[in-house]
Peer 1: 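Just dropping this structure here.
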Amino acid sequence: METPLTEHIRPGHPSPDLAAYQKLGGYQALRRALTEMTPTEVIEAVKDSNLRGRGGAGFPAGLKWSLVPSGDDAPRQRYLVCNADEMEPGTFKDRYLIEGNPHQLLEGIMLAAYAIKADTAYIFLRAEYTCSERTLREAIAELFAENLLGDNILGSNYNLNIHLHTSAGRYICGEETALLNALEGKRAVPRAKPPFPPQVGLWGQPTIVQNVETLCCVPHIINHGADWFKGLSKTNNSGTKIYGVSGRVKRPGLWELPLGTTLREIIEEHAGGMLDGYKFRGVIPGGASTDFLVEEHLDLPLDYETVAAAGSRLGTGTMIVLDDRTCPIAMVHNLETFFARESCGWCTPCRDGLPWIEKTLSAIEEGRGVASDIDLLHQHSRMLGPGRTFCAFAPGAVEPLQSALKYFADDFEQHISEKRCPYKHLQS
Amino acid sequence: MSPEERQEIEHEIACYPYKQAVCVDALKILQKHRGWVSDEAVKEVAEILEMSPSEVDSVATFYNLIYRQPTGRHVIHVCDSISCWVMGCGSICEHLKKRLGINMGETTPDGRFTLLPIVCLGACDKAPAMMVGKTTHENLTPETIDALLEKLP
Amino acid sequence: MATITIDGKSYQADASQNLLQTALQLGFDLPYFCWHPAMGSVGACRQCAVRQFRDDDDTTGMIVMACMVPVSDGLRISIDDPEAKEFRKGVVEWLMTNHPHDCAVCDEGGECHLQDMTVMAGHSKRRYRFQKRTHRNQYLGPFINHEMNRCIQCYRCVRFYKDYAGGRDLDVFSSRNRVYFGRHEEGVLENPFSGNLVEVCPTGVFTDKPFKAQPTRKWDLSTAASICPHCSLGCNTIVGERYGKFRRVLNRYHHDLNGYFLCDRGRFGSAFVNSDKRSRQPQWRENGQTVSLDKQTITDLLATEILDGKKVIGIGSPRASMEANYALRTLVGEDAFFNGLSENDAAISKQIISIYQHTHIASLRDAAESDAVFVLGEDLTNTAPRLALALRQAVRNTPLEDADKLKIPRWHARAVADVIQHRHGPLHLASIAATQLDDIATSRHLAAPADLARIGFAIAHELDSDAPAVANLTSEQAAYAKQVAHDLRQAKRPLVVAGSSLGSVALVQAAGQITKALKQNEARISLIVAEANTLGVALLGDKSISSAIQEKADTIIVLENNIFRRSTDHLINRMLKSANCVITIDHLENATTQQAHASLPAATFTEASGTSINNEGRAQRSFQVVLASDPVQASWRWLRDLMVAANKQQTGAWETLDDVLASLVTEFPKLAKLSEVAPNSKWRQSSQKVARASRRSGGRTAILATVHEPKPPSDPDAPLSFTMEGNPASSSTALNNRYWSPGWNSVQALNQYQQEIGGPLRGGDPGICLFEKKRRQQRVVY
Ligand SMILES: Cc1cc2nc3c(=O)[nH]c(=O)nc-3n(C[C@H](O)[C@H](O)[C@H](O)COP(=O)(O)O)c2cc1C
Ligand code: SF4
Ligand code: FES
């Protein structure tokens with residue numbers, strides 16, 4: 001089984017420096033692209049590979065790059081932005097990739113920037129990742145020192161600068177248009193779409209925003225080709241995926257596995273199954289803003305379409321397991337507290353609906369729920385759905401709620417009828 | 001504004017086509033040196049970036065990690081997001097509150113610690129986790145917390 | 001044009017608009033908050049939800065925000081859709097979770113968009129059972145009251161204040177359900193257009209503080225259409241009265257002029273009409289003694305001073321109405337009438353009138369639509385504030401073309417802002433000192449007035465070599481002239497602005513030359529004069545104060561004019577001292593009235609109807625709304641009384657404003673249109689006058705009424721009644737004194753008064769341009 005993204009990552013050990021990375025074949029892809037390929041050919045290669053965004057939405061990367069206007073009257077200034085905001089609760093994969101092998105990401109950034117003819121790239125890193133910040137700063141400095149960044153890279157006439165921007169903490173910054181506002185030094189409120197960033201992005205110029213993991217795939221695609229990349233997956237999605245598990249399992253962690261690995265394999269084999277004394281009740285498969293999957297879904301291969309067909313989303317592929325001694329309502333309450341707190345405050349449903357949801361869940365959890373609360377929650381999860389809010393934040397926020405209402409309906413009823421949380425005494 | 005602060009801000013300005021873009025960076029730089037962002041600091045940032053104090057404060061108050069109130073020497077951010085919650089961050093918070101004698105959002109009277117919640121730190125596989133200053137601490141137990149706090153000045 | 005289907009019925013709609021605007025225009029009651037016709041759509045409030053279907057076969061459709069949907073041919077939507085309705089109701093319910101429900105004590109109550117939308121969306125039962133969050137309020141200065149708890153976070157205030165008016169001291173703070181709209185710290189709002197927050201805010205967060213001092217419900221106000229007296233632009237206003245006192249000024253929409261917004265001087269500058277310092281009695285001064293006399297006594301006394309045989313001169317006023325000035329001119333005769341302007345102002349006005357014979361004059365809307373602007377000498381924020389606001393919109397036009405290229409509709413304010421960012425189109429400012437438009441200026445050129453004029457002529461020469469060249473330009477001046485000329489030449493709709501504030505005829509001449517040199521069809525000029533009726537009085541007579549000073553008069557009548565401002569103290573003193581009798585007619589004491597032997601208390605603009613001519617030569621009628629307490633009366637009535645007393649008005653004394661106007665237009669055929677500016681006093685709609693008081697007036701007011709009420713006052717001058725008897729609304733836009741429509745009690749009822757939203761008023765915008773204008777194609781400006 002090939003694990004191109006994590007092959008050279010050894011937790012607990014320093015990440016490969018520039019020399020070591022190059023020895024491992026690093027920057028071969030960049031060399032190849034700059035000397036043998038036109039930007040369009042790079043885009044085509046990525047398009048052929050069927051690489052889809054790993055930041056949550058799963059949009060095909062090559063297709064996105066090809067939306068950058070070309071032609072004589074197209075804007076000269078373009079930007080590439082690496083989305084390293086990773087604030088989705090339960091998600092910890094990008095940090096692993098950055099700290100484990102920063103040059104792999106930087107090479108991916110350079111290739112993507114070359115493909116869209118950008119001369120400036122920004123890495124948008126969340127504030128709390130101070131270790132990642134150090135790692136990246138050092139790696140970027142190495143590149144500048146070796147003239148691998150800056151003007152006339154590898155004698156190709158291609159110029160590129162990479163700047164690292166560290167944010168100041170705000171989940172919505174991960175949403176790509178809010179991220180652009182944050183990079184412009186503004187409040188990170190999402191922008192209207194359309195126009196999409198490839199048309200109107202950073203400072204009004206065409207901009208591509210791509211997740212860390214997505215970009216890390218690019219050097220390997222250029223090195224080994226689209227077919228190889230497609231072959232990595234177990235299903236018709238391409239490539240590998242960094243899957244992660246947290247919660248009461250024996251070995252929480254991250255594994256690079258073929259896309260389409262089953263939920264059961266990940267939880268039972270890689271994560272070692274549930275902790276002794278705990279039973280599996282459900283899982284949020286791809287970060288906080290995805291719908292619960294339950295027992296009946298354990299044998300589903302986790303790829304974009306299959307998870308969607310099961311009523312959830314692959315999201316970031318990092319899952320949080322719900323065990324039988326944790327109250328599902330309290331769990332959803334924790335999630336909605338997060339979302340209510342992180343709402344940017346721009347649109348009404350999210351700004352004022354989520355706090356209501358949060359307070360209602362809190363009331364139910366504390367035994368103050370009333371029968372009509374269930375309808376109210378159903379209504380809210382409907383009214384915060386796609387299209388009704390300004391951005392995808394709120395629709396994501398109600399995904400765990402709407403699925404909890406479906407799968408854990410009895411728990412809701414019980415809380416309300418018994419006026420207490422039946423799980424309280426189970427907590428250790 | 002100290003020459004050092006100014007220099008760091010100027011360095012950031014060079015990375016962006018427009019001055020205003022470094023608003024968050026500039027606030028963070030002053031906060032790094034001063035512990036928090038006072039009204040005075042907001043005005044200083046406004047001046048250097050040719051913004052108005054209201055414009056700067058509008059940005060400053062949006063971001064969670066810009067402190068607009070004085071903080072203690074060490075800011076303890078306890079992750080209360082989902083994985084840490086499942087793994088019992090509730091009791092970690094309780095322990096910290098009891099030990100420090102303060103509530104979330106407060107600073108100890110001796111000015112040593114400020115206690116704040118934070119969203120997922122990306123340490124979900126090693127939950128519960130917290131961040132003290134710039135360092136993340138993982139797999140927390142009341143004992144490891146006590147040992148850690150002892151060591152901090 | 002596009003054919004769209006709403007709930008199964010098809011309609012014709014304008015494809016350049018968004019669906020919300022279209023639906024409102026078609027008469028649908030679709031609720032909204034964040035959208036504003038002048039500021040476009042941002043999709044924040046999510047109130048305007050409808051269901052959109054892909055095509056005829058699509059029965060599922062999806063919920064969309066009407067304000068974000070472009071109208072296109074074949075568009076199919078449902079407003080009645082149950083889920084869309086449920087959602088709209090839900091949005092108000094959310095907004096109400098933290099709203100204090102303090103309508104009873106809220107100044108917005110009764111004219112609150114939030115109230116209207118709550119009813120419209122059908123939210124009536126409170127389900128939210130948790131605590132509300134509360135905010136602290138800020139002191140924002142003497143004009144604007146702040147009550148943040150009422151906020152529904154539509155972001156309109158900051159969008160107006162920052163994005164539209166260029167203010168930098170009001171902003172949004174914090175995030176999630178704690179967003180706060182205010183200042184970084186308490187203090188007076190700095191932007192000179194802050195008063196519009198009162199009308200822009202859909203609820204009671206920002207309210208009119210002076211108005212609040214004596215709270216009055218909208219329905220208890222008597223209102224009349226008025227014209228702002230505070231600069232030469234002639235913005236249209238609605239003035240409100242209660243219990244005999246002036247209460248407030250609201251914007252009165254005029255498509256070509258002020259549109260939706262006023263400046264703070266216009267909104268808050270009229271408290272003087274209620275002042276204790278008003279002279280309310282005729283006064284007679286002799287040997288250092290001042291005595292108050294009654295009307296009859298003083299007119300009889302003064303009649304002897306103006307009898308035939310005495311040399312009487314009259315000094316008119318740029319702030320008095322056409323009727324008052326004309327009455328004075330009638331009393332003293334053509335030769336003895338002086339327009340009351342300073343020598344410079346008179347010369348400049350003459351110059352302007354001559355330029356207007358052959359140049360296209362810019363309305364405020366034209367200014368906002370221009371794509372390159374050169375301001376020569378004026379500090380517009382002080383001399384014509386509403387024009388400064390228009391220019392803030394003008395600088396958006398060039399970068400907006402980039403949005404056009406990307407097919408982003410102009411109403412899509414958020415996307416447009418992302419495209420244009422901080423870029424501005426050309427605005428060149430040449431002035432003597434810094435101005436408040438400097439922040440958006442492409443260039444700022446500081447020089448003395450004479451040099452400014454030279455620059456102006458140099459630009460004209462640059463544009464057209466037939467215009468005379470200017471000798472001895474410095475290389476810097478030459479380069480500047482080239483740059484400005486270049487930008488004006490490149491533009492499709494260039495605008496040149498100048499005016500009288502520096503007292504330089506040459507400046508105005510230069511501006512005229514530049515405009516003449518511009519070959520574009522759409523080139524326009526905007527010339528600013530000092531006061532509301534400066535051009536009007538200049539049209540009645542061209543002799544200035546300087547000529548008056550040459551005269552040796554027995555009696556001098558000064559109409560609404562502190563003439564010490566028009567010449568040197570020395571010359572004015574000498575003139576006044578040399579006369580036997582100085583008569584002033586004015587409403588506040590000033591240096592001139594203090595020198596008068598007789599001062600007669602004049603009605604203010606709120607207390608008398610009258611006509612004035614703005615800086616573009618647009619004649620407009622302003623209507624009385626406050627009853628003047630006897631003996632205060634319109635200046636023309638004082639002059640009429642004097643004439644009657646001195647037996648000077650032989651052919652039947654003037655009784656009404658119509659009578660004065662009739663004489664005026666007979667004598668000045670060129671001004672014939674003045675009598676058509678607004679309906680005359682005989683005008684009736686369904687045989688009734690238009691009611692100043694609202695249909696709902698009464699209520700609390702009735703408590704104070706005695707059973708034997710006096711006969712209500714009548715108004716001989718205007719087709720308006722002083723009571724609620726009459727029509728609640730008028731079919732003549734010149735008389736429009738309130739916006740109301742069933743279900744729409746706030747200022748947003750205005751939508752129902754326009755031909756298309758943001759476009760001209762139904763029935764045409766009031767006022768008549770005396771100088772022929774080429775009209776531009778009607779467009780909505782964002
Ligand atoms: C509320 C919200 C938060 C998001 N947070 C992140 C994030 O932290 N990191 C990320 O890569 N993408 C995040 N996304 C997705 C981005 O908007 C965007 O789709 C992504 O960065 C594109 O990159 P990709 O196609 O490589 O995934 C978020 C989206 C939403 C709606
Ligand atoms: S859904 Fe609305 S309030 Fe929530 S984050 Fe998006 S834009 Fe902001
Ligand atoms: S008016 Fe449409 S979202 Fe506010």
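Letters go in sequence order (proteins before strands), and every chain restarts at 1.
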Peer 1: Determine the option with the most heavy-atom pairs under 4.5 angstrom with chain A, choosing from B:Ser81, B:Cys23, B:Ala26.
Peer 2: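 With the most close heavy-atom pairs to chain A, the winner is B:Ser81.
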
Peer 1: Decide, yes or no, whether a salt bridge links B:Glu150 with B:Arg99 under the criterion of side-chain N to carboxylate O below 4.0 Å.
Peer 2: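 Looking at B:Glu150 and B:Arg99, the cut-off is met.
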
Peer 1: Can you tell me which portion of A:Phe339 sits under 4.5 Å from chain B's heavy atoms? Options are side chain, backbone, both or neither.
Peer 2: neither

Peer 1: Looking at B:Glu10 and B:Lys19, is any side-chain nitrogen of the basic one under 4.0 Å from a carboxylate oxygen of the acidic one?
Peer 2: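 Between B:Glu10 and B:Lys19 there is no salt bridge, as every charged N stays at least 4.0 Å from the carboxylate O atoms.
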
Peer 1: Please check if any side-chain donor atom of A:Gln77 sits under 3.5 Å from a side-chain acceptor atom of A:Asp119, or the reverse.
Peer 2: yes

Peer 1: Answer with side chain, backbone, both or neither: which region of A:Thr166 has an atom nearer than 4.5 Å to a non-hydrogen atom of chain B?
Peer 2: both

Peer 1: For chain A, which candidate among B:Ala60, B:Ala21, B:Pro17 shows the most heavy-atom pairs at distances under 4.5 Å?
Peer 2: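 Top count of heavy-atom pairs under 4.5 Å with chain A: B:Ala21.
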
Peer 1: Identify which part of A:Tyr122 has an atom lying under 4.5 Å from any heavy atom of chain B, answering side chain, backbone, both or neither.
Peer 2: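 Only the side chain of A:Tyr122 comes within 4.5 Å of chain B.
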
Peer 1: With a 3.5 Å distance limit and no angle check, can you tell me whether A:Glu88 reaches the backbone of A:Ala288 through a side-chain donor-acceptor pair?
Peer 2: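 Yes, because the side chain of A:Glu88 sits within donor-acceptor range (under 3.5 Å) of the backbone of A:Ala288.
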
Peer 1: Can you tell which part of A:Val249 gets under 4.5 Å to a heavy atom of chain B, answering side chain, backbone, both or neither?
Peer 2: neither

Peer 1: Would you please name every residue forming a salt bridge (Lys or Arg N to Asp or Glu O under 4.0 Å) with B:Lys28, sequence neighbours left out?
Peer 2: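 None.
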
Peer 1: Given heavy-atom pairs under 4.5 angstrom as the criterion, report whether the side chain, backbone, both or neither of A:Arg126 touches chain B.
Peer 2: side chain

Peer 1: Please report the closest heavy-atom contact between A:Phe92 and A:Gly244, naming both atoms and the distance.
Peer 2: CZ-CA, 4.4 Å

Peer 1: For A:Arg95, is it the side chain, the backbone, both or neither that has a heavy atom under 4.5 Å from a heavy atom of chain B?
Peer 2: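 Just the side chain, heavy atoms under 4.5 Å.
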
Peer 1: Checking A:Ala271 against chain B: side chain, backbone, both or neither under 4.5 Å from a heavy atom?
Peer 2: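 Nothing of A:Ala271, per the 4.5 Å heavy-atom cut-off to chain B.
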
Peer 1: By a 4.5 Å heavy-atom criterion (distance strictly below it), what part of A:Cys131 contacts chain B: side chain, backbone, both, or neither?
Peer 2: neither

Peer 1: Does the distance from a Lys or Arg side-chain N to an Asp or Glu carboxylate O, for A:Arg170 and A:Asp85, drop under 4.0 Å?
Peer 2: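 Salt bridge flag = no for A:Asp85 with A:Arg170.
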
Peer 1: Counting only non-hydrogen atoms closer than 4.5 Å, does A:Thr318 touch chain B with its backbone (N, CA, C, O), its side chain (CB onward), both, or neither?
Peer 2: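 Interface part for A:Thr318: neither.
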
Peer 1: With a 4.5 angstrom heavy-atom cut-off, could you sort out which part of A:Glu128 is near chain B: side chain, backbone, both or neither?
Peer 2: both

Peer 1: Give me the contact list for residues 110-137 of chain B versus chain A, heavy atoms only, anything under 4.5 Å, ordered by residue number.
Peer 2: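 Counting heavy atoms that sit under 4.5 Å from chain A, the residues of residues 110-137 of chain B involved are B:Pro117, B:Ile118, B:Val119, B:Cys120, B:Leu121, B:Gly122, B:Ala123, B:Cys124, B:Asp125, B:Met131, B:Lys134, B:Thr136.
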
Peer 1: Without hydrogens or angle criteria, can the side chains of B:Tyr18 and A:Glu184 be said to hold a donor-acceptor pair below 3.5 Å?
Peer 2: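 No, no side-chain donor-acceptor pair sits under 3.5 Å.
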
Peer 1: Quick check on A:Asp94 against chain B: is it the side chain, the backbone, both or neither that has a heavy atom closer than 4.5 Å?
Peer 2: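 Contact with chain B involves no heavy atom of A:Asp94 at all.
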
